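A short worksheet on the structure shown next.
These numbers come from the heavy atoms of this one structure, side chains and all, not from hydrogens, waters or symmetry mates. Nothing fancy with the numbering, it's 1 onward along the sequence. Predicted model only: the values in this text are computed from it and were never measured. Both ligands and their constituent atoms are indexed starting at 1 by order of listing.
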Amino acid sequence: MKAIVKSKAEPGLWMEDVPEPKIGINDVLLKMKRTGICGTDLHIYNWDAWAQATIKVPTILGHELVGEIIEVGSNVNDFYVGDIVSVEGHLVCGRCRNCLAGRRYKCAHTLGFGVNTDGGFAEYMAVPMTNIWKHEPGIDLDVAAIFDPFGNAVHTALAFEVFGEDVLITGAGPIGIMAAAVAKHAGARHVVITDVNPKRLELAEKLGVTLAVDVTKRSIADIQKELGMKEGFDVGMEMSGNPTAFRDMVANMTHGGNIAFLGIPSEEFSINWKTVIFNMLTIKGIYGREMYETWYQMSVLLESGLDIEPVITHRFPATDFKLGFEAMREGNSGKVVLDWSQI
Ligand code: NAD
Ligand code: ZN
């Protein structure tokens, strides 16, 4: 089968012929339909310091995907040939304290498809039945392909109550934009999203935020005044990984405000902890998606009319994957989806 493989310890990715995977008794075999490109895949393509320290070659990339089940193992219940499914990208150990207590998404020993083990940028993929999410019939396949990052957005956006609240999101990448759409859909009053890239702010506006703010031009304090806010934002969602963005967020929260922190900073950085303490802020780290409560929430948000499709800005046949990575590298894209149906 064809697969996009990190086969050499140098910058680049290569589409190669590799053996088809065999399933075990607890696995399903997927025929790939669509895959999304994640920022993580770009790090691996570029072969940066993180990728060099993390990835063993050869590894098939990819963890944002949707496929059709074409075979099930003898021990598999409730999944059938023909089901359209996505994959939870974290494999959990099943034996640590959190796994045993049913808090699988807090597993102490997770492994990631397409990072620590072969992933889904391939014609076929074998997946344990415990990592499968079955979609509702008629789901848009491009949207189904991005359930992994959509899940990051939902996990963050619903970490704290947003109904009637004023929400500040720093970073209008695909995940920040989807989180803004979720917060609006969930009844937030004002949803303000910030970035330093006008193209990304334009895209955020298309998904219906209250204000998309270029922080190189306007301050968040100024925005509060414009919106008639008196005491600061109730909920913050950090989605840029940028220290300045987070410092600004901390300075613009209401007393007792809640911050969900998803963005991954490249280095340690300092903040004014006195503000956190005297203003009694709560800061919660967010990783991955809850298994499988976030997946349930994603499905019902779409069924109740949330539309995240406009965040997909580029679509390419899987054979043209390099064009997809180029679009990502320019930094102006939303989600980039690869189509495997023509292979
Ligand atoms: P992205 O890199 O596409 O988006 C980040 C955005 O932040 C960019 O548009 C950038 O211009 C903007 N930005 C930079 N400086 C800023 C500033 N000072 N103020 C406001 N915005 C600023 O990333 P993404 O794919 O949307 O993911 C969002 C973040 O979440 C990234 O940091 C990513 O590494 C992280 N992430 C975390 C998890 C997790 O499980 N915790 C999962 C996926 C991604
Ligand atoms: Zn575990």
- Message: Regarding atom 17 (C) of ligand 1: of the candidates Ala245, Ala172, Gly89, which has the closest heavy atom?
- Response: Ala245
- Angle at the Zn ion (ligand 2) (to 10°), with one arm to SG of Cys96 and the other to SG of Cys99: 100°
- Query: So which heavy atom on Gly324 is nearest to which on Ile37, and how close?
  - Reply: C-CD1, 3.8 Å
- Starting from atom 3 (O) of ligand 1, find the nearest protein heavy-atom neighbour and note its residue, name and distance. Arg200 NH1, 2.8 Å
- Nearest heavy atoms of Thr40 and His63, plus distance in Å: CB-CE1, 4.2 Å
- Item | Option set Asp195, Thr244, Leu203, Ile220, criterion heavy-atom distance to atom 6 (C) of ligand 1, minimum | Asp195
- Among all protein heavy atoms, pick the one closest to atom 37 (C) of ligand 1 and tell me residue, atom and distance. Leu262 O, 3.1 Å
- Task: Check Ile264 against ligand 1 and report side chain, backbone, both or neither, counting heavy atoms closer than 4.0 Å.
- Result: both
- With heavy atoms and a 4.0 Å threshold, my read on which part of Val215 contacts ligand 1 is side chain
- Query: If you take all heavy atoms of Leu306 and Ala181, which pair is closest and at what distance?
  - Reply: CD1-O, 3.6 Å
- Message: Taking 4.0 angstrom as the limit and counting only heavy atoms of Thr194, give me the atoms of ligand 1 inside it, by number and element.
- Response: 20 (C), 21 (N)
- Query: Relative to the heavy atoms of Ser240, which atoms of ligand 1 are at a distance of less than 4.0 Å?
  - Reply: 7 (O), 13 (N), 21 (N), 22 (C), 32 (O)
- Are any non-hydrogen side-chain atoms of Phe261 and Met237 less than 4.5 angstrom apart? no
- Got Leu281 and Asn258 here, is their nearest side-chain heavy-atom distance under 4.5 Å? no
- Query: Which is it for Ile286 and ligand 1 at heavy atoms under 4.0 Å: side chain, backbone, both or neither?
  - Reply: backbone
- The protein heavy atom nearest to atom 14 (C) of ligand 1 is Val196 CG2, 4.0 Å
- Under a heavy-atom criterion of less than 4.0 Å, does Gly288 contact ligand 1? yes
- Which is it for Asn152 and ligand 1 at heavy atoms under 4.0 Å: side chain, backbone, both or neither? side chain
- Task: Establish, yes or no, whether the cationic atom of Lys31 lies under 6.0 Å from the six-membered ring centre of Tyr124 and within 45° of the ring axis.
- Result: yes
- Counting heavy atoms under 4.0 Å, the part of Met239 that contacts ligand 1 is backbone
- Query: Cationic tip of Lys33 within the cone over Trp340's six-membered ring, i.e. under 6.0 Å and within 45° of the normal?
  - Reply: no
- Query: Does a side-chain heavy-atom distance below 4.5 Å link His90 with Leu111?
  - Reply: no
- Note on the structure: Result for side chain to side chain contact (heavy atoms under 4.5 Å, CB included) between Asp83 and one of Ile70, Ile69, Val72 points to Ile69
- Item | Short side-chain donor-acceptor distance under 3.5 Å, Ser299 and Gln297 | no
- State whether Cys93 contributes an N/O/S atom found under 2.8 Å from the Zn ion (ligand 2). yes
- Heavy-atom nearest pair, Leu168 first then Met249, reads O-CE, 3.4 Å
- Message: My question is simple, although I want it checked carefully: is atom 1 (P) of ligand 1 less than 4.0 angstrom from any protein heavy atom?
- Response: yes
- Could you check which of Asp148, Asn242, Ile193, Ile175 puts a non-hydrogen atom nearest to atom 15 (N) of ligand 1? Asn242
- Side-chain heavy atoms of Phe269 within contact of Arg247, under 4.5 Å: yes
- Query: Going by the order shown, which atoms of ligand 1 are within less than 4.0 Å of some heavy atom of Gly173?
  - Reply: 3 (O), 4 (O), 6 (C), 9 (O), 26 (O)
- Item | Contact atoms of ligand 1, heavy-atom distance to Pro174 under 4.0 Å | 3 (O), 26 (O)
